[in-house]
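All figures in this text were calculated on a predicted structure; none of them were measured in a lab.
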Amino acid sequence: MDSSFDPEAIEQSLYRDWEEKNYFAPAGNGEGYCVLIPPPNVTGTLHMGHAFNQTLMDTLIRYQRMKGRQTLWQMGTDHAGIATQMLVERQLEEKGQTRQDIGREAFTKKVWEWRENSGGTIARQIRRMGSSLDWSRDRFTMDDGYALAVQTVFERLYDEGLIYRGQRLVNWDPKLGTAISDLEVENIEEQGHMWHFRYPLKDGLLTQDGEDHLTVATTRPETMLGDTAVAVHPEDERYQHLIGGRVELPLTDRSIPIIGDAYVDSEFGTGCVKITPAHDFNDNEVGQRHNLAAINIFTESAFINDAAPEAYQGLAREDARKKVVEDLEVLGLLARIEEHTLSVPRGDRSGAIIEPLLTDQWFVKIKPLAEPAIEAVKNGDIQFVPKQYENTYFSWMYDIQDWCISRQQWWGHQIPAFYDDSGAIFVAADEAAAREKYGLDPSVNLREDEDVLETWFSSALWPFATLGWPEETPELDTFLPSNTLVTGHDIIFFWVARMIMMTLHFTGKVPFHTVYIHGLVRDGEGHKMSKTKGNGLDPLDFIDGISLDQLVEKRTSNLTQPQMAPRIEKVTRKDFPDGIPAYGTDALRFTFCALATTGRDVRFDLNRIEGNRNFCNKLWNATKFVLSNTEEWDVGSPYQVTVADQWITSKAHTLLKDVEYALETYRFDIFASKIYDFAWHEYCDWYLELTKPLLWDEDIPEEQKNGIRRTLLSTLEILLRIAHPVVPYITETMWAEVAARMKLPVSTIMLQAYPELVDLKFDAQAEAQIEWLKSVVTGLRTIRGEANIKPSQPIPVIFQNGDENDRKRALDCEAILRRLAKVDKITWLAEADAPPANALALVDQLKVMVPLAGLIDVDAERSRIEKEMEKAQQELKRLQGKLSNEKFVANAPEEVVQSERDKEAAVQLRLGTLTGQLAQLQELT
RNA sequence: AGGCGCGUAGCUCAGUUGGUUAGAGCGCUGCCUUGACAUGGCAGAGGUCACCAGUUCGAAUCUGGUCGUGCCUACCA
C-alpha cells in the first residue's frame, strides 16, 4: 500500500465497478426503504448544496442497505421549465434568433436535443460524490410515463372541480412573458421614492381644511393612468363627507369616484389612497368590493398600451413614470417627493420587476388539498426534523392561496385542454380523447391550450409518478410511502408541501414519513453562495483540487455582471492563495456529515475538510500497520485475548451503539465525530500503541499475539463497516485487504451486513484496567513534558499507596507500561517508607513518582505542584460551599449529594498528598 | 410588522430531560525524524457560556426583558 492515502487512485474505478455490478439497485427481500432524490434541474451543475444533500441521503441509504433493507434511491432529473427554456433561448440568441423565429415545434425539439447532448453534466458530477443511486431507473419529469401521470392528475383534478381557469391578477414577468407563482417572486428592499399627487375635487367639493383637492401618495406614479377610484377610511372625519363624490384624474379625461373602504389606514400618509385594480393586489380586492373597473394599462412586455392616454402609449414603464411625474409637475399637481425604501418584487429567474397583470390562467383550488396535508403532519404521519419546521409548514398551509399553474412558455407539459370556437373548455389527454369524452361532433372546431404547466406541478407528483403511477406497480406497494425526505428549508413550500398534498390526494398515502431539513451551505463568512457574488464553490474542486488561476477563471467567466470580475478575483486570491488541494470525495463527505448539526446553516470551512482528509489518511495508515503486523497470522491459529483486546472490543461496542442512535436521530455530526474519535483517539492512539510492545516482545506467547492480531483485524473490519456509509471509497479499498487477510468471502463492503451489538462485548473491567493504564502513562508523560525530560531518556518509576487493584494492574500491564512510557525500572514503596525527592502524578490514591535525582528541575516541579494544588483548592472550596448549604443537602437528590461528598473526600486526600509533596520539595531548596 | 433561529475558546461548532473541573476540530506554544502515518506523536495555554433580572439548593441549559445577528412570511399606498 502507498505511504499515504491517494483518493484519486481509487474513486472513479470503484464507482464504475459498483455501478456495473448493479449494487445500487434494490435487492434482497428486506423491508422497503426509500429516499426520494430532490430531482436536480437537467440544466444544473452540482453545487455545494447538492453535494451536502447527496452526502446525507447516501449515508442513510448505504446504512439501511447494510442493515438489510431493500433500498431504493432512484435517480431522476427535472425538466426545469423556465431555466431550461432560458438556456436554449440564449443559445438561439447567439445565432441572432428568437424562439418565435423557429416556432414552437422546432424549439422544443432543440431543447430535447440539448438535453440529449448536455443534460448529463449533473449526473456525472453526482457520480463523483459516490452516491449509490439506482441509475437503472433514471427518470425525467418529461419522459412518457411521467407525462401520462401529469395528464392524468390534471384531468382528474379538473373533473373533480379542483382545477379551474379564470381571469385573475397574477404575478407577471414581463421579461419572460409568463405568469409566475407567488413563491417565485422575491421581494428585494430597494431605495426609491414616494410621490405625492394632488387630485382636484370635482363639483366644488372641499376638504374639511378647505382644500380643493385630495393628495394621494404612490411609489408607482405611472399606474395612476389606470386609477379608477380614490379611497378613504369610511370613518375618517376629514374625508367622510366626500365619499360618493368624485375627483378629476389628472393627465386623463376621466373622473373617478371617492369611495370609503376600511382597507385604508387613516394614520398613514394623507389617508387617501389611489386605487388601481388592474395593477395592485390590494387595490384589486378593493375594486371588487366596490365594483370598480380594472383598467389594464400595460402590454405583456410592460409597455403602456392603448387604454392609456395617447401621450403615454408605447412608453416603457420606467419612461412612463418619468413623463407622468414631469407632466404633473407642470400642472402644479406634484405636491412633493420623498425618499422611500420599498420592497420591489422581482422574478427569481429573470430578475425583472414583476407586474401584477390581469390574465387568463389555470389555478388549483388548493384548500381541499391542503386540509388532509395539514392533518397528516398534525397527527404525526409525517414528521419534520427538526420539529420547528412544522410551524413554518403550518403557517403557510393555513393561509394558502390558490395555485397558479399555467405558464406562457413552450418547454414543459402542455396543458391538456381544448377550446371550441365559443371558448368552452374540454379537458382530456389529447384531442381525440376530448372528442370522445365530451361527445363532440367532428364538425366542432377544437383549439389546444398553448400554455404549459409550471415545473413544480410535475415535481409534486415525484413520489408516485416515479414508481409507475397511474399503473398499479409492485414498486408503489414496496416504496410508497418512502421513509426520509432530505432537503433544504428553501423548498418546503415549493416542493415538500405540494408533494404531500398531491400524493395524499391521488394515492391516499403520505409520500414520506420523515422530512429531514438540513441547513443551507454558506461560505466561510456566512454568506449565501452565488455566481453573482463570485463566492460559489464547486464541490468537485474539493475532490480533485484546482489551481488558483483556474479558480479565478471559473469564478469570473460568464458573469451576469462582468464589472464584478476584478473584485471577485481579488477576494478569491485572498481566500485561496494556493488554490484548493485535492481532498477526495470521502473527506468532503465526512466534512458534510460533521457539519450537519440540527437545522443550522453550515459555513463551509476549509480547515474542516483538511482535517478530515487527514483523518482518511490516518485510517489508511492504521490499515497499513494492521496488515503489516498480521502477515503471519492465520484464521485457524489458537489464540488468547488480552485485556487490551477486551478493552477495544468494548469501546467498539459503545461506538456502534452511539452511531446507530445518531443515525436514527439524524445526528450526522455525532455519527461522524464518534467514528473520528474512536478511530483516531482509541484505536490508533491507544490500541495500536498497546499492541506494539506485545507483538514485538519475544517473551509474549504466540497465542496472545494471535489474539491481538485477530482483534486488530476484526476491530478494524468492524470500524470500516461502521464508517462505510459516510466514507465509501476508502472503506471499500481497505476492507478488501482486511477481508482477504481474514479470509472472508470477498465481494464488497457495500453489501456486507452492518455490525451488530451482540458481536461486541461490553467489558467494564477491561475498560477500567486500560483507563488506569492510560492515567499512569499520561501522568508520566506530563511529568516528562513539564520537566523537559527527553522522550528517548528512560526513567525509573516508584509506586506508592496503591491498593490491590493497582498492584495487580501494574503487574498485568508492566510490559506495556515500560514501553509506552519508556520506564526502565519499577519499584513499589511500602506506605510507611519515605520516598526520595520526586515528581508526582496521582492516579486516584496511587502515587506515581519519578525520582528527581539528576532528571528534574525542582523549581519547575514545585510550581507545577502548586498549580495542581490551587486547582484542587478551588474545587474543594466549591464543593464545601455546596455541601455546607443546608438547602442543597435537604433538597437535592440523595445520589447527587452523595457524589458531591465522595468528590470532596477525594479532593481532600489529593490535596493532602500534594501538600506533603510540596513540603518535601521545599526542603530541597 | 409578524414568525422562526442564532450569540459558548482566536476561528468553525457540540453541549441530550437543569447536577463532574463546560467539550471537539482547526489555529496557537513547547518538545519529538521511536520500526502505520510530519496529512504524524506527546504535552500545554486559552472561555465572566452576549447582557440584565427572575425561578431553583443548583442555570450554558428554564422564564421575562435588552442588545447584536441571520432567515422566512406579509407588506401601508
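Here the two rings, on A:F542 and A:F604, have centers that are under 6.0 Å apart. Taking the six-membered ring where the residue is Trp, the centroids of A:F668 and A:F592 are separated by 6.0 Å or more.
Nucleotides B:rG18 and B:rC49 are separated by 15 Å at their C1' atoms, to the nearest Å. Rounded to whole Å, the P atom of B:rG3 lies 49 Å from the corresponding atom of B:rG40. For the C1' atoms, the distance linking B:rA60 with B:rU56 amounts to 16 Å, nearest Å. Spacing between B:rU69 and B:rC51 at atom C1', rounded to whole Å, works out to 15 Å. Only the C1' atoms considered, B:rC13 is 9 Å distant from B:rU8, to the nearest whole Å. Taking atom C1' in both B:rG47 and B:rU12, one finds a spacing of 16 Å when rounded to whole Å. Distance check on atom P: B:rU33 versus B:rG70 gives 50 Å, rounded to whole Å. Separation of the C1' atoms belonging to B:rG46 and B:rA9 is 6 Å when rounded to the nearest angstrom.
Defined by atom type and a distance below 3.5 Å, a donor-acceptor pair is missing between the side-chain atoms of A:T597 and A:D669.
Rounded to a whole Å, the CD1 atom of A:I670 is 17 Å from the P atom of B:rG23. Look at CG on A:L688: it is 15 Å from P on B:rG35, rounded to the nearest Å. A straight line from CG of A:D685 to P of B:rA24 spans 13 Å, rounded to a whole angstrom. Remark: P of B:rC26 and CH2 of A:W680 are 6 Å apart, rounded to the nearest angstrom. One can place CD1 of A:I675 at 16 Å from P of B:rG25, the figure rounded to the nearest angstrom. Rounding to whole angstrom units, CG of residue A:D523 and P of B:rG70 are separated by 13 Å.
A heavy atom closer than 4.0 Å to some atom of RNA chain B occurs in A:N617, A:K618, A:N621, A:A622, A:K624, A:F625, these being the qualifying members of residues 615-628 of chain A.
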ask   = If the sugar-phosphate is the primed atoms plus P, OP1 and OP2 and the base is the rest, what is the B/S/- string for nucleotides 43-49 of chain B, using protein heavy atoms under 4.0 Å?
value = SS-----
ask   = How does protein reach along nucleotides 53-62 of chain B, written 5' to 3' as B (base within reach of a heavy atom under 4.0 Å), S (only sugar-phosphate), or - (no contact)?
value = ----B-----
task = For each nucleotide in nucleotides 2-13 of chain B, reading 5' to 3', give B when a protein heavy atom comes within less than 4.0 Å of its base, S when such contact involves only the sugar-phosphate, and - otherwise.
result = --SSSS----BS
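Here the side chains of A:L883 and A:E904 are in contact, with some heavy-atom distance below 4.5 Å.
Among the heavy atoms of the strands lying under 4.0 Å from A:F493 are primed sugar atoms or P, OP1, OP2 only; no base atom is included. A:R864 comes within 4.0 angstrom of nothing in the nucleic acid, heavy atoms only. Counting any heavy atom pair closer than 4.0 Å across all strands shown, A:I275 reaches no nucleic acid atom. Base engagement by A:E689 is indicated by at least one non-hydrogen atom pair under 4.0 Å involving a base atom. Residue-level contact check: A:K822 touches neither bases nor backbone, having no heavy atom under 4.0 Å from any strand. Within the 4.0 angstrom heavy-atom criterion, only backbone atoms of the sugar-phosphate kind lie near A:T218; the bases stay farther away. A:H681 comes within 4.0 angstrom of the backbone, heavy atoms only, and of no base. Residue-level contact check: A:T270 touches neither bases nor backbone, having no heavy atom under 4.0 Å from any strand. Contact annotation for A:N282: backbone-only contact, meaning every heavy-atom pair under 4.0 Å involves sugar-phosphate atoms and none involves a base. Backbone-only contact: A:Y676 has heavy atoms under 4.0 Å from sugar-phosphate atoms and none from a base. Looking at heavy-atom distances under 4.0 Å, A:W195 makes no contact with the nucleic acid at all.
Stem list for RNA chain B (at least 3 consecutive Watson-Crick or G-U pairs, distances under 3.5 Å): B:1-7 with B:67-73, B:10-13 with B:23-26, B:28-32 with B:40-44, B:50-54 with B:62-66.
Put simply, the side chain of A:N284 gets close to the backbone of A:P277: a donor and an acceptor are under 3.5 Å apart. A donor-acceptor pair is defined here as one N or O able to donate and one able to accept, closer than 3.5 Å; such a pair exists between the side chain of A:K705 and the backbone of A:D697.
Of the candidates B:rA77, B:rG41, B:rU39, B:rA77 carries the atom nearest the A:V264 side chain, counting heavy atoms from C-beta on.
Within 6.0 Å of atom CG in A:D844, 12 or fewer heavy atoms from other residues, nucleotides or ligands are found, so the atom counts as exposed in its surroundings. In this structure, A:E632 places its CD atom where more than 12 heavy-atom neighbours from other residues, nucleotides or ligands lie under 6.0 Å away.
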request  = Apply side-chain hydrogen bond (donor to acceptor under 3.5 Å, both in side chains) to A:N885 and A:K882, showing your working.
outcome  = CA-CA 5 Å; A:N885 181 346; A:K882 218 169 176 180; over 6 Å; no
inquiry  = With side-chain hydrogen bond (donor to acceptor under 3.5 Å, both in side chains) as the criterion, how do A:T341 and A:Q191 come out once you've worked through the C-alpha distance, each side chain's angles and the decisive distance to 0.1 Å?
reply    = CA-CA 5 Å; A:T341 310; A:Q191 220 23 259; 3.2 Å; yes
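Where A:D677 and A:D182 meet RNA chain B, the nucleotide closest to each residue was compared, and A:D677 sits on the side nearer the 5' end. Each of A:S4 and A:K274 has a nearest nucleotide on RNA chain B; the 5'-most of these lies closest to A:S4.
Considering only residues two or more places apart in sequence or on other chains, A:R818 meets the salt bridge (charged side-chain N to carboxylate O under 4.0 Å, His left out) condition with A:E814.
When each of A:F615, A:F671, A:Y729, A:Y583 is tested with A:F590 by the rule ring-ring contact (aromatic ring centres under 6.0 Å, His included), just one qualifies, namely A:F615.
The CD1 atom of A:I670 sits 10.0 Å away from atom CG of A:L663, with the distance rounded to the nearest 0.5 Å.
At the phosphate of B:rA36, neither OP1 nor OP2 sits under 4.0 Å from any side-chain N or O atom of A:W696.
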